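Keep in mind that this is a model prediction, so the values were computed, not measured. One is the number of the first residue; the rest follow in order along the sequence. When a ligand or atom number is given, it counts from 1 through the structure's own listing order.
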Amino acid sequence: MNPKWNGQFSCFDLVAQPTDTSAARARTVVPVMDLEIGGSDFIVMAGPCAVESESQLLSTAEAVAQAGARILRGGAYKPRSSPYAFQGLGVEGLKILRKARQETGLAIVTEVMSEEDVDVIAEYADIMQVGTRSMENYALLEALGSCGRPVLLKRGMTATLEELLRSAQVLAMAGNSEIILCERGIRTFETATRNTLDIAAVPVLKTVSHLPVIIDPSHAAGVRSLVPALARAAVAVGADGLLVEVHPCPEQALSDGIQSLDFGDFRDMMDELQPYLAIRQETRELRPRLVVGGAD
Ligand code: PEP
Ligand code: MN
């Protein structure tokens, strides 16, 4: 283990591995319906940035399920950069998500922005998403401590990994240890992509923490043509899954259309991941070395 990490992370004792590797805790596996996030399966969560209508969501749910996604994403409460942009359908969007769940059997992940919405969203969602802008909203994290649902905690766009784990610790101290970490790209001086995917975040987090880690290639890339390559990188680097934006007609999407895949693109991406997943499966016995860390 990198000696620089000593103490930097292990002070977050509920979510970090102790520096003494002989005392390492078993990896956290987050159960969601019949799935295990952080287990041996690579779990793909896919769907539109925002729930826009019943037909948009149901058609997407069916398409992503057929292509192998296990969890449906879709925002009903949207944190938008512009105050003039579509803000989401609220409870109406949650009802549409529930219908998609009933029709396809997919679990639902959707964003919660305010502690006031935790109870209502927990009635509909299988996983509560905390977005990049909310990672340090401690009132929200504390309210999620007793919501009875796992939390998908996205890395703040200007947050260090230490700060991400600090927020995870806040959640765990509030009573919720079912946490999935998500690397979704951070702000750097690079402007060719919307954010910079910090691919090293995955092996670092999987070394210093026992929590599952997924990658959101859509918000990292900001453009759909890059999403499949970043998804392949996620498999290679040992991520536990993906969160991907998919829309029936990205040109008409009310949010994040430029980075959304259409159904055909998504199917192709999933097909292209198969050989990478197969290689990973074959070399699974190598993974503990990555997890525990080795000589520096
Ligand atoms: C989203 O998932 O649509 C979203 C708003 O993500 P982020 O919080 O990473 O920007
Ligand atoms: Mn989005």
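- Taking a cutoff of 4.0 Å between a charged side-chain nitrogen and a carboxylate oxygen, D256 and K78 do not qualify as a salt bridge.
- Using a non-hydrogen distance threshold of 4.0 Å, E245 registers as a contact of ligand 1.
- For the pairing with L242, the side-chain contact (heavy atoms from CB on, under 4.5 Å) check across I71, L273, V227 returns one residue only, L273.
- Residues passing the side chain to side chain contact (heavy atoms under 4.5 Å, CB included) test with A159, sequence neighbours excluded: M135, R155, E163.
- Closest to atom 8 (O) of ligand 1, if we only count protein heavy atoms, is T132 N, 2.8 Å.
- The existence of a salt bridge linking K206 and D240 is confirmed by a sub-4.0 Å separation between a basic side-chain nitrogen and an acidic carboxylate oxygen.
- Less than 2.8 Å away from the Mn ion (ligand 2), the protein contributes these N/O/S atoms: C49 SG, H219 NE2, E245 OE2, D256 OD2.
- Remark: Y276 pairs with no residue by the side-chain hydrogen bond (donor to acceptor under 3.5 Å, both in side chains) rule, at least two apart or across chains.
- Near C49, meaning under 4.0 Å from any of its heavy atoms, are these atoms of ligand 1: 3 (O).
- Residue contacts with ligand 1 do not include G75, since none of its heavy atoms lies under 4.0 Å from the ligand.
- Using a 4.5 Å cut-off on side-chain heavy atoms (C-beta onward), E142 and V170 make contact.
- Summary of contacts: the protein heavy atom closest to atom 6 (O) of ligand 1 is K154 NZ, 2.8 Å.
- The shortest side-chain heavy-atom distance between L57 and L97 falls under the 4.5 Å cut-off.
- Side-chain N or O atoms of S260 include none that pairs as donor or acceptor with a backbone N or O of H247 at under 3.5 Å.
- No N or O atom of D256 sits closer than 3.5 Å to an N or O atom of ligand 1.
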Determine all donor-acceptor pairs shorter than 3.5 Å in which one atom belongs to a side chain in residues 82-95; sequence neighbours excluded.
unit_1	atom_1	unit_2	atom_2	d
S82	OG	Y84	N	3.0
Q87	NE2	P83	O	3.4
Q87	NE2	A85	O	2.6

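- Under 4.0 Å from ligand 1, the heavy atoms of R73 that appear belong solely to its side chain.
- Ranking the protein heavy atoms by distance from atom 4 (C) of ligand 1 puts H219 NE2, 3.4 Å first.
- For ligand 1, the atoms sitting less than 4.0 Å from at least one non-hydrogen atom of K78 are 1 (C), 3 (O), 5 (C), numbered in the order shown with element in parentheses.
- Geometrically, ligand 1 and E111 share no nitrogen or oxygen pair separated by less than 3.5 Å.
- In the vicinity of G131, heavy-atom distances shorter than 4.0 Å reach the ligand 1 atoms 8 (O).
- Ranking the protein heavy atoms by distance from atom 10 (O) of ligand 1 puts R184 NH2, 2.9 Å first.
- Here is the list of ligand 1 atoms found below 4.0 Å of a heavy atom in Q129: 1 (C), 2 (O).
- A salt bridge links E136 to R166: one of the charged nitrogens lies within less than 4.0 Å of a carboxylate oxygen.
- How far CZ of R25 is from CG of L14: 6.5 Å, rounded to the nearest 0.5 Å.
- Under the 4.5 Å side-chain heavy-atom criterion for grouping Ile, Leu, Val, Met, Phe, Trp and Tyr, I199 is not connected to I186 through any hydrophobic cluster.
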